[in-house]
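First the structure, in the form of structure tokens, and then the observations on it.
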Amino acid sequence: MSESVPGLAPEVFAPVEAPVSPPQASEEVEFVQLLTPEGERVEHPDYSFDLDDEAIKGFYRDMTLVRRIDTEATALQRQGELGLWASLLGQEAAQIGSGRALNSKDMVFPTYREHGVAFCQGVNPLNLLGLFRGVDQGAWDPRDNNFHLYTIVIGAQTLHATGYAMGQQRDHAVGDPETGEATIAYFGDGASSQGDVNEAFIYASVFNAPVVFFCQNNQWAISEPIDRQTRIPLYQRAAGFGFPGVRVDGNDVLATYAVTQQALKRAREGSGPTLVEAYTYRMGAHTTSDDPTKYRLSEDLEYWKLKDPIERVKAYLARQAGVEHEFFDEVEAEADQVAAELRQGCLAMPDPELTDFFKYAYVDMPDELAEQRDSYAAYAASFNAEGE
């Protein structure tokens, strides 16, 4: 029996209700959808896809190439050529749809899984592999492609994005929905529990920052299910911070594009932040060091395979748009060529010099650091001298 505490009502010690369980495979989830898993176009009262079938063919090509890059990188890791790889398998529509909604001035702050968004922004996939091969710390300049370096610290990029967006405000780059600037921050459902993410929500709301928070809810934060992260749908959290939230079918590239496009326009025109929850599913492991068979059911995976983001676009193009088989064959051949070039480039990456990591701490290297570099270089060289 619980002891009473003076000054506190008995209900303080009342048992807490169990968390709301996530939807099971047989349950339906409400979200914005414009293309069904069967490849049928549907209408939505608030969102519409205004591009033509040529654009949809482009989305299909993007997703197919990105999946092939992803599977090739996974194979390279299994063969010992990468130290680790974070797969995006199953999340191609969420990334390509949102990535293609960006304009040339928008800035992206990714986690470590946004290979599809990097592809949309023109980042060479080899640069992504260099990070996971351990030969560099991220070999692309964020200014070249408006795509920041991968962030390993969970959720930290949302604060970086909010600060950058506040800078866009102060540079008077906000005000026009088409030509203005916005920022988008990607994170997962697990990161939504981090303090950094919630602090970013507060600052973005209070300062009306032009930022879109794009949460890829793949329902598993490594081995922790979504019901360990929240008792309500994630997009509803936005209301508590004072800005809009919307849940979109993250396996529907058309809906993801339409929802992200509208959220970015709101940001660019100065209407403030939006939280987009892309409801999807991580088809593979969290990373190549993970074994998802230990914590989730194979039945759920089979269920989500029926909602494959690429297959539904292929079904639409073949059945409704009259696209011939030659197009799909050409895309597959291109994907194989991209994968072959990726493998060749990965294997040809030179090992870094041992003193390289001294170069990137400061723009102008302090004398003390230069002395440490020289001392370390002499120490490393001594091993070769002894071998001689």
Side-chain angles (χ1 to χ4, degrees), residues 23 25-67 88-103 116-117 119-120 177-178 184 212 214-219 233 235 244-266 274 276-281 283 302-332 334-335:
S26 60
E27 298 179 21
E28 294 299 324
V29 175
E30 291 188 3
F31 42 41
V32 178
Q33 186 180 82
L34 300 176
L35 186 68
T36 69
E38 295 74 32
E40 298 289 336
R41 295 283 295 271
V42 292
E43 300 294 326
H44 190 276
D46 300 317
Y47 298 93
S48 61
F49 182 80
D50 54 5
L51 301 182
D52 59 16
D53 286 343
E54 284 300 313
I56 299 177
K57 289 170 65 177
F59 286 168
Y60 175 83
R61 173 186 174 273
D62 291 341
M63 291 192 292
T64 301
L65 264 57
V66 166
R67 178 171 288 187
L88 59 64
L89 186 63
Q91 299 177 219
E92 294 88 356
Q95 295 195 17
I96 297 301
S98 60
R100 288 305 182 197
L102 297 162
N103 72 18
V117 185
F119 179 86
C120 291
E178 302 297 335
I184 187 167
V212 175
F214 193 94
C215 176
Q216 293 177 84
N217 178 5
N218 64 25
Q219 303 178 60
Y235 77 96
V246 57
R247 174 186 271 177
V248 62
D249 181 353
N251 284 22
D252 177 355
V253 69
L254 307 190
T256 304
Y257 174 88
V259 167
T260 309
Q261 182 185 51
Q262 185 164 313
L264 287 167
K265 284 183 175 181
R266 284 192 71 257
T274 303
V276 176
E277 177 193 354
Y279 192 83
T280 181
Y281 192 79
M283 300 284 283
E302 293 303 315
Y303 168 81
W304 278 94
K305 285 182 179 179
L306 300 176
K307 298 177 179 291
D308 187 284
I310 299 179
E311 290 302 317
R312 71 172 66 183
V313 176
K314 185 176 183 179
Y316 167 78
L317 291 174
R319 300 171 188 170
Q320 307 297 324
V323 176
E324 300 293 336
H325 289 295
E326 287 77 9
F327 167 75
F328 302 110
D329 293 340
E330 290 171 1
V331 171
E332 290 295 332
E334 183 182 5

Is any side-chain heavy atom of R247 closer than 4.5 Å to one of E30? no
Within this structure, what is the CZ-CG distance for the pair F49 and D52, rounded to the nearest 0.5 Å? 8.0 Å
S98 versus A94, closest heavy-atom pair with distance: OG-O, 2.7 Å
For L65 and F119, the nearest pair of non-hydrogen atoms, with its separation, is CD2-CZ, 4.0 Å
Can we call the ring centroids of Y60 and F328 under 6.0 Å apart? yes
What's the separation between atom SG in C120 and atom CG in L102, rounded to the nearest 0.5 Å? 7.5 Å
Are any of the side-chain heavy atoms of Q216 and F214 separated by less than 4.5 Å? yes
Distance, nearest 0.5 Å, that separates OH of Y47 from OG1 of T256: 11.5 Å
For the pair E334 and R61, find out whether any cationic side-chain nitrogen is under 4.0 Å from an anionic carboxylate oxygen. yes
Minimum-distance pair of heavy atoms, taken over all atoms of D46 and Q262: O-OE1, 3.6 Å
May I ask you to check whether N217 and E277 show a side-chain donor-acceptor distance below 3.5 Å? yes
Nearest 0.5 Å, what's the CD-OG1 distance between Q95 and T260? 11.5 Å
Nearest 0.5 angstrom please: R100 CZ to Y257 OH, how far? 10.5 Å
Identify which one of T36, L254, V323, D53 satisfies the side-chain contact (heavy atoms from CB on, under 4.5 Å) criterion when paired with Y316. D53
For the student: nearest non-hydrogen atoms of L35 and D252, plus distance: N-OD2, 2.7 Å
Residues D249 and R312 bridged, charged N to O under 4.0 Å: yes
T280 side chain to N218 side chain, donor-acceptor N/O pair below 3.5 angstrom: no
CG of L317 to CD of E324: how many Å apart, nearest 0.5 Å? 12.0 Å
Out of R67, M63, K314, E92, which one pairs with D308 under the side-chain contact (heavy atoms from CB on, under 4.5 Å) rule? R67
Should we count CZ of R319 as having more than 12 external heavy atoms under 6.0 Å? no
Residues two or more places apart in sequence or in another chain: which of them pass side-chain contact (heavy atoms from CB on, under 4.5 Å) with E178? D176, K265
Return the minimal non-hydrogen interatomic distance between G39 and Q320, and the atom names on each side. O-CG, 3.9 Å
Minimum heavy-atom separation for G90 to N251, with atom names? O-OD1, 3.5 Å
Using the ring of each side chain (for Trp, its six-membered ring), is Y281 parallel, tilted or perpendicular to W304, with breaks at 30° and 60°? parallel
Report the C-alpha separation of I56 and L51 in whole Å, then their side-chain angles, then the decisive distance to 0.1 Å, and conclude whether the side-chain contact (heavy atoms from CB on, under 4.5 Å) test is met. CA-CA 8 Å; I56 299 177; L51 301 182; 6.0 Å; no
